[in-house]
Amino acid sequence: MPHLPQTPGEPPPPDVLLDVRDLRTYFHVMDGTVPAVDGVSFQVRRGETLGVVGESGCGKSVTALTIMRLIETPPGEIVSGEIWFDGRDVLQLSQDEMLQVRGAEMAMIFQEPMTSLNPVLTVGDQIVEAVVAHKKLSRKAAWDRAIEMLRLVGIPEAPRRARQYPHEMSGGMRQRVMIALALSCDPKLLIADEPTTALDVTIQAQILELIRRVQAETGTALLLITHDLGVVAETVQRVVVMYAGKVVETGSVQEVLQDPKHPYTEGLLASIPSKGMRGTRLNVIKGSVPNPFRMPVGCRFHPRCPYAFDPCPDHEPPLDELGRPERRVACWLHTTPPFGLEHRPRYGTATPLPVARAAAAEQVP
Amino acid sequence: MAIPTDPALAGGLAGRAPADVATADVEVALESLGQWQLAWRRFKRHRMALVGLGFFSFMVLVAIFGPIVLPYNPLNIPGAQQPGGDPPSLQHLFGTDDTGRDVFTMVVNGARISVAVGGFSMLIAGMVGVLVGAISGYFGGWIDNVLMRIVDTFFAIPLLFVILVAARFFGEGQVSSLILIFGLLSWPLIARLVRASFLSLREADFVEAARAVGVKDARITFRHILPNAIGPVIVAMTLIMASNIVLEAFVSYLNFGISPDQTSWGNALANAQSALGLGNWWWAFFPGMAIAVTVMSINFVGDGLRDALDPRTRL
């Protein structure tokens with residue numbers, strides 16, 4: 001399932017910073033094998049911001065950790081795929097070579113600022129550690145760099161704060177430190193894995209604003225992983241929607257949020273509470289995330305899909321283009337089904353997508 | 001915690017909600033305190049631990065300097081007035097034994113051996129235990145398996161007999177060999193603790209975050225994981241020290257330990273047995289008390305450390 005026309009083993013054009021191709025990361029656990037990431041492809045250009053959206057367990061975080069080569073093997077295994085980053089396939093690098101890439105060229109912000117900093121080291125020391133690991137700087141210069149980074153992320157009294165321990169800081173402050181830490185070596189790619197999920201709503205907005213600002217200032221590319229479509233709408237240019245280890249839809253943020261093509265994306269959007277829906281029941285996607293040990297055959301979303309029809313339970317839809325290479329959807333509603341099957345609904349509401357959407361619009365007063 | 005009140009600050013905070021004021025105040029008041037400063041602060045709140053620490057430090061000083069300043073030679077046998085030893089008097093604060101040796105001198109000299117055996121065997125156990133536990137927990141796999149089976153073996157055999165046999169064969173009553181034997185037999189507990197901490201800390205978010213910025217394995221082990229795992233280890237080490245002091249007394253009491261011509265608390269107790277029938281309590285009482293109080297104070301210190309080093313204990 002190539003994303004853009006490409007030959008396996010061939011680097012992408014130079015303006016593409018990160019090119020993930022048909023990535024499969026499986027976990028071999030006692031009860032069987034979990035295909036956490038199962039054929040994921042996407043690209044991030046230099047300086048671009050991309051959001052990866054999906055519910056818990058859809059493989060977003062595993063994708064990020066695979067790119068960083070932080071998957072523990074065993075139980076994890078990168079079964080296949082290529083991850084082209086800045087002209088080389090990081091899956092071919094040794095762990096020693098990865099030490100030079102991690103932190104220096106790609107860095108990551110984690111979900112839990114409360115536990116992602118070492119409690120026994122001052123925050124300044126932790127930034128210094130990263131700087132010294134990658135830059136030929138004296139400790140003094142590295143310390144100055146740490147303070148400069150803390151200033152960049154808007155921490156007041158940076159020289160004093162640098163000598164503090166994580167427990168002396170609030171969650172929002174710690175997430176700022178994590179961002180400073182991640183950006184301390186000028187990475188080309190910043191991966192933010194649910195950076196605001198663990199924070200208060202008011203702080204969330206500040207941190208998002210901060211990520212947007214430093215991304216613009218430093219020109220780093222951003223891969224933002226989130227389950228929150230609101231976060232995506234405010235922060236990124238392009239979106240990849242994942243479901244059960246696969247990419248189901250890609251496009252610009254406007255395209256995906258305003259004109260979702262995949263029923264799953266549509267369901268995600270419909271389940272956001274809004275003002276106009278006051279007093280009505282919140283829409284939910286019925287059913288639950290599939291059991292990873294027994295992924296549905298065919299389209300993985302079909303058991304929960306209101307529009308599922310003949311080909312869905314048996315045939316996996318390809319991630320086909322919708323007019324241009326970056327607008328894609330993996331759904332039989334938008335692709336000619338194989339073997340001449342008709343668009344004949346079989347499950348659920350049994351209404352084709354446009355009709356159902358119109359009906360839903362009428363119901364809202 | 002006393003919070004210095006800055007009038008300008010108080011004015012600025014006046015309009016805020018109470019909760020806000022509280023957080024802001026704490027932010028202002030907090031000095032930058034490291035792991036150890038915070039631990040010391042928590043430790044100080046534990047009164048018995050402070051008393052224990054005081055007494056134990058005193059005991060260490062006694063062990064180091066006591067024998068130098070005492071007027072009596074512990075090996076000098078002047079002979080006693082009464083069979084079974086003289087009762088406490090001004091010349092002999094703790095009385096004498098049946099050969100007229102000063103029991104006070106005996107206790108002070110015994111402190112040297114007992115504290116040395118407890119302390120150094122603890123250090124050996126600590127070093128071996130941390131090393132084995134760290135290797136086991138960090139590398140996992142077959143290395144972990146082999147090391148932990150060795151540890152299991154240590155737990156499975158009745159150590160007391162091993163100690164008695166080893167003390168008889170390798171020791172010939174020397175302090176250094178007793179230290180080695182105790183140390184090399186008491187590390188498995190530490191190794192298990194360290195391994196368990198490493199196993200969980202290896203998965204900690206901050207370890208993953210450190211990996212994500214490209215920190216090397218060795219550095220992660222010693223700079224990120226070990227300091228976080230050290231609390232329970234230190235607590236266990238104090239307990240090992242206490243139990244090894246008791247063990248020394250016990251082994252010496254059975255005449256398997258320190259050779260009888262040296263003075264340890266256990267030796268003193270062993271020799272005092274015969275005098276107890278005569279009602280000469282002081283000969284056994286003072287060395288016994290020395291053991292009991294020292295061990296108790298070490299255990300109090302351990303208790304205090306347990307609270308002080310547990311980062312979940314909040315001030």
Practice task
For F120(B), look at atom CZ and say whether over 12 heavy atoms of other residues, nucleotides or ligands are found less than 6.0 Å away.
Solution key: no
Fill in the blank from the handout: Under 4.5 Å to a heavy atom of chain B? For D193(A) that would be neither
Exercise for the section: Taking the side chain as every heavy atom from C-beta outward, state whether L65(A) and E208(B) have any pair of such atoms under 4.5 Å apart. Expected result: yes
Exercise for the section: Sort out for me which of V101(A), T122(A), L70(A) touches chain B most, counting heavy-atom pairs under 4.5 Å. Expected result: L70(A)
Problem - H134(A) side chain vs V213(B) backbone, donor-acceptor pair below 3.5 Å - result: yes
Handout entry: Exceeds 12 heavy-atom contacts within 6.0 angstrom, atom CZ of R47(B)
Key = no
Completion exercise
CD1 (I220(B)) and CG (N118(A)) are apart, to the nearest 0.5 Å, by 10.0 Å
Practice task
Measure the CD-CD distance between E203(B) and E72(A) for me, rounded to the nearest 0.5 Å.
Solution key: 5.5 Å
Practice task
Please flag which part of A212(B) lies under 4.5 Å from any non-hydrogen atom of chain A: side chain, backbone, both or neither.
Solution key: both
Completion exercise
Residue from Q100(A), E129(A), E112(A), M178(A) scoring the most non-hydrogen pairs under 4.5 Å with chain B is E129(A)
Fill in the blank from the handout: For V215(B) and L99(A), the nearest pair of non-hydrogen atoms, with its separation, is O-CD2, 3.8 Å
Practice task
Decide if atom NZ of K216(B) counts as having more than 12 heavy atoms of other residues, nucleotides or ligands within a radius under 6.0 Å.
Solution key: no
Fill in the blank from the handout: Honestly, the part of Q111(A) sitting under 4.5 Å from a heavy atom of chain B is neither
Practice task
Search all heavy atoms of G214(B) against all heavy atoms of A133(A) and return the closest pair with its distance.
Solution key: O-CB, 4.2 Å
Exercise for the section: Check whether M98(A) gets within reach of chain B through its side chain, its backbone, both or neither, counting any heavy atom under 4.5 Å. Expected result: neither
Fill in the blank from the handout: Shortest non-hydrogen pair, A209(B) vs S116(A), comes out as CB-O, 3.3 Å
Problem - Heavy-atom contact with chain A under 4.5 Å, split by part of R223(B) - result: both
Problem - Options A130(A), A107(A), G103(A), A104(A), ranked by heavy-atom pairs under 4.5 Å with chain B, top entry - result: G103(A)
Handout entry: Validation row: D205(B), M114(A) side chains within 4.5 angstrom (heavy atoms)
Key = no
